[in-house]
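This report concerns only the one structure given below.
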Amino acid sequence: PRVRFVQQDGSGRSIEVGRDVSVMLAAVRNGIHGIDGECGGCLDCATCHVYVDEEQASSVPQPSEEELELLSAVSGERKPNSRLGCQLKVPAPLDELVVHVPARQS
Ligand code: FES
């Protein structure tokens, strides 16, 4: 599967990932601008905030209570499709998950 990261200016990059790799790790490993992942994925920083593409929002599992709680601390605008990238993977059977990078993380 792949994750496509779409920036605010509409530019995008699609990256091949394993289904067990989080969106945050895929971004950090590939130098995607605008996703920091400062805590390394332990639900402590909220700098891995992304927006799941609205057409795919119902295809991804719902966030956990802990994720929802930390989502209230994101720096960018919180939307109904806001997620933390460290808690998000490409769910089967999706071949490509599209996420939008927020304007800022801190
Ligand atoms: Fe810190 Fe996701 S990487 S909360």
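Nothing here was measured: the structure is a model prediction, and the numbers come from that model. Read the numbers this way: they start at 1 and go in the same order the structure lists the ligands and their atoms.
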Exercise: identify the closest heavy-atom pair between P102 and H49 = CD-O, 3.0 Å
Tell me, please, if C86 has any N/O/S atom, main chain or side chain, under 2.8 Å from atom 1 (Fe) of ligand 1?
-> no
In ligand 1, which numbered atoms sit nearer than 4.0 Å to a non-hydrogen atom of G37?
-> 3 (S)
D53 pairs by side-chain contact (heavy atoms from CB on, under 4.5 Å) with which of L97, V98, V6?
-> V98
Indicate yes or no for a side-chain donor-acceptor contact from R2 to the backbone of S14 under 3.5 Å, with no hydrogens or angles considered.
-> yes
Decide whether Y51 and V99 are clustered together by the hydrophobic rule: side chain heavy atoms of Ile, Leu, Val, Met, Phe, Trp, Tyr closer than 4.5 Å, transitively.
-> no
Show which atoms of ligand 1 fall inside a sub-4.0 Å distance from at least one heavy-atom site of G41.
-> 3 (S)
Distance-minimising heavy-atom pair for T47 and E38 = OG1-N, 3.0 Å
Side chain, backbone, both or neither: L70 near ligand 1, heavy atoms under 4.0 Å = side chain
Does a side-chain heavy-atom distance below 4.5 Å link N81 with R83?
-> no
Please state whether the separation between atom 1 (Fe) of ligand 1 and some N/O/S atom of C42 is under 2.8 Å?
-> no
Is a side-chain donor or acceptor of Q105 paired with a backbone partner of G34 at a separation under 3.5 angstrom?
-> yes
ang(SG C39, atom 1 (Fe) of ligand 1, SG C45) rounded to 10° is 110°
Using a strict cut-off of 4.0 Å, indicate which atoms of ligand 1 neighbour a heavy atom of D44.
-> 4 (S)
Can you sort out which atoms of ligand 1 are near C48, meaning under 4.0 Å from one of its heavy atoms?
-> 2 (Fe), 3 (S), 4 (S)
Considering only the protein, which heavy-atom contact is closest to atom 4 (S) of ligand 1, and what is its distance?
-> A46 N, 3.4 Å
